[in-house]
Each structure stands twice: as C-alpha cells, then as structure tokens.
Colleague: 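Below is the structure I would like to discuss, written out as structure tokens.
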Amino acid sequence: MSDDRTAILIADVSGKGLGAALLTTMLQGAISGMSIGAAPARVFNHINRFLCEHSEVGRYATMFFGILHPNGHLDFFNAGHPSPLLIRRGEVNDLYTQGSLPLGLVPEVEYVAQEVDLQPDDTLVLFSDGVTEATDPAYQMFGDSRLREVLHTHHDANLEHLQKAILESVETFTRGASRADDITLLLVRYRAATQTEIS
C-alpha cells in the first residue's frame, strides 16, 4: 500500500461450492478498493451492506484486515474472525478480546478500527478455524490451548519453521481423520521499518 504500509488479510467464507466461490469473488473485488486509497472502515461497512443485500441467505464471511505501518503501528478490523495470536518475548496472547459479527449478517453493523503497536520481533499468527477445530478420530478438537503450546515451544523459530511446526502438530493430532474445513495460516513478524517478514 502507499507510504510503505503493508496490508494483512485473512478471511473465511461460509459453506462450500459455487455459492462460497461467488462470495469469495465479491469479497476480492470489494477489497481491491483499498489498494486505491479507499478508507478501510468505509470499505468494510460497504462490503457488509452489499453482502447482506446480494448474497444468499446464510452466506457470510469472517475476516481480519490489518494495515501495518513501518513504525510497527497496526490498525485492524475484525469481522467475526478468530483473534490472531500475538507472540511477544515468548508469551502468547490474543491480539484482541472483543468479538464482532461476520460480514453479511446484519446490515446495520458499523465496523471500526482497533489499533496496537507492535514491537521488534513480535509475531502475529493468523489462522482459520480449520486449525483449532481440526478433530482427531475420536472427534476431539485440536483447540486453542494446543495451538498456543506449539507457538510457545517454537516462539523463537523462523516463520517457515513455525508454520511447519503448526501444520505438523495438527496433522499428528488428527491422525488421518478427514477434515471438515480448510486450514489457513498467515504469519507476520515485525522486525523494524522495512524488515517485516510474512509467510
């Protein structure tokens, strides 16, 4: 983005098949507006109203969208997506605790930006619920606590190794059980101005 800002986005569309694909395409088109300078809050609120009016009943999307500035300042919007986990000096915490509604459910919802200042070597772990809701053959979920344990154990690893550790841990836990949902990971490590890592 302009002024050396970096956009961070993860989303999860409800359902599968053609309806989900169409909703994904609508989201991609709307999000592209931010690359030409549209204010993120206006775009989010517009997307929500548009989806409420045009998508199939029961179709919605969760989304986390952030804008990372070179000085580590992160402005972000959450639309019902699981909170990214923030790894800071070996500690693992939620980036935010306030919930919000997914896009496409309630047209009157007004999304507002939240903010946090990242410190050098802070790592954001963004994930779809397919990670924490992955189940083993006995239908036990992988869960938030197992994910946090993996992150705590590998907090100082490079992003490629950290990503591999998460995926291998989920794979080992599920022991070949069929997956009901996709698994998506987005890892961002803030180094300092112009040195941000993304995997």
Side-chain angles (χ1 to χ4, degrees), residues 1-3 5-69 73-86 93-116 118 123-134 141-144 147 163 166 170 179-188 196 198-199:
M1 299 184 75
S2 61
D3 303 321
R5 298 174 300 160
T6 301
I8 302 164
L9 168 68
I10 187 168
D12 194 3
V13 172
S14 66
K16 300 188 184 304
L18 183 58
L22 289 172
L23 184 53
T24 300
T25 301
M26 284 193 278
L27 282 174
Q28 288 174 328
I31 291 294
S32 69
M34 282 189 252
S35 66
I36 57 173
R42 289 185 62 195
V43 172
F44 251 66
N45 291 316
H46 171 73
I47 292 172
N48 181 58
R49 289 189 295 273
F50 182 85
L51 292 182
C52 287
E53 293 169 5
H54 295 91
S55 67
E56 298 175 31
V57 174
R59 291 281 183 194
Y60 61 89
T62 66
M63 184 184 299
F64 174 93
F65 178 82
I67 300 174
L68 181 59
H69 300 257
H73 184 78
L74 178 70
D75 297 305
F76 63 89
F77 295 83
N78 170 43
H81 201 80
S83 173
L85 295 175
L86 173 63
N93 293 293
D94 290 308
L95 182 63
Y96 53 79
T97 56
Q98 294 178 332
S100 65
L101 291 172
L103 295 161
L105 288 182
V106 180
E108 296 81 16
V109 170
E110 291 290 322
Y111 295 95
V112 295
Q114 300 177 62
E115 56 185 42
V116 67
L118 299 182
T123 302
L124 287 175
V125 179
L126 297 87
F127 56 94
S128 64
D129 58 11
V131 175
T132 52
E133 294 179 5
M141 289 198 300
F142 184 73
D144 188 65
L147 177 57
Q163 184 179 51
I166 296 167
V170 172
R179 290 194 186 121
D181 206 352
D182 299 323
I183 289 179
T184 304
L185 288 172
L186 174 61
L187 310 180
V188 179
T196 301
I198 299 177
S199 175

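Below, each value reflects all heavy atoms present in this structure, side chains not excepted, and no hydrogens, waters or symmetry copies.
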Colleague: Using the test side chain to side chain contact (heavy atoms under 4.5 Å, CB included), find all partners of Asn93 that sit at least two apart in sequence or belong to another chain.
Modeller: Glu91
Colleague: Would you indicate whether the side-chain heavy atoms of Val170 and Val131 approach each other to under 4.5 Å?
Modeller: yes
Colleague: Is there side-chain contact between Thr6 and Ile67, with at least one heavy-atom pair below 4.5 Å?
Modeller: no
Colleague: Do the non-hydrogen side-chain atoms of Asp75 and His69 ever get within less than 4.5 Å of each other?
Modeller: yes
Colleague: Could you list the residues that satisfy side chain to side chain contact (heavy atoms under 4.5 Å, CB included) with Ala113, not counting sequence neighbours?
Modeller: Phe77
Colleague: Ignoring hydrogens and geometry, is there a side-chain-to-backbone donor-acceptor pair from Ser100 to Asn78 under 3.5 Å?
Modeller: yes
Colleague: Run the side-chain contact (heavy atoms from CB on, under 4.5 Å) check on Leu9 and Met63 step by step: do they pass?
Modeller: CA-CA 7 Å; Leu9 168 68; Met63 184 184 299; 3.3 Å; yes
Colleague: Under the side chain to side chain donor-acceptor pair (under 3.5 Å) test, which residues partner Thr132, sequence neighbours left out?
Modeller: none
Colleague: For Glu108, what residues pass the salt bridge (charged side-chain N to carboxylate O under 4.0 Å, His left out) criterion, not counting sequence neighbours?
Modeller: none
Colleague: Test of understanding: with side chain to side chain contact (heavy atoms under 4.5 Å, CB included), list the residues that count as partners of Asn48, not counting sequence neighbours.
Modeller: Cys52, Leu103, Val109, Tyr111
Colleague: If we only count heavy atoms from C-beta on, is the Leu126 to Leu85 side-chain gap below 4.5 Å?
Modeller: no
Colleague: Just by distance, with hydrogens left out, do Asp129 and His81 show a side-chain donor and acceptor under 3.5 Å apart?
Modeller: no
Colleague: Is the Phe76 to Phe64 ring centre distance short of 6.0 Å?
Modeller: yes
Colleague: Residues two or more places apart in sequence or in another chain: which of them pass salt bridge (charged side-chain N to carboxylate O under 4.0 Å, His left out) with Asp94?
Modeller: Arg148
Colleague: Look at the side chain of Ser14 and the backbone N and O of Tyr60, then say whether any donor-acceptor pair between them is shorter than 3.5 Å.
Modeller: yes
Colleague: Hey, are the side chains of Phe65 and Ile8 touching, using non-hydrogen atoms and a 4.5 Å cut-off?
Modeller: no
Colleague: Is there side-chain contact between Thr123 and Val188, with heavy atoms separated by less than 4.5 Å?
Modeller: no
Colleague: Do Val116 and Leu95 have side chains that get closer than 4.5 Å, going by heavy atoms?
Modeller: yes
Colleague: Does the Ser128 side chain pair with the main chain of Asp12, one donor and one acceptor, at a distance under 3.5 Å?
Modeller: no
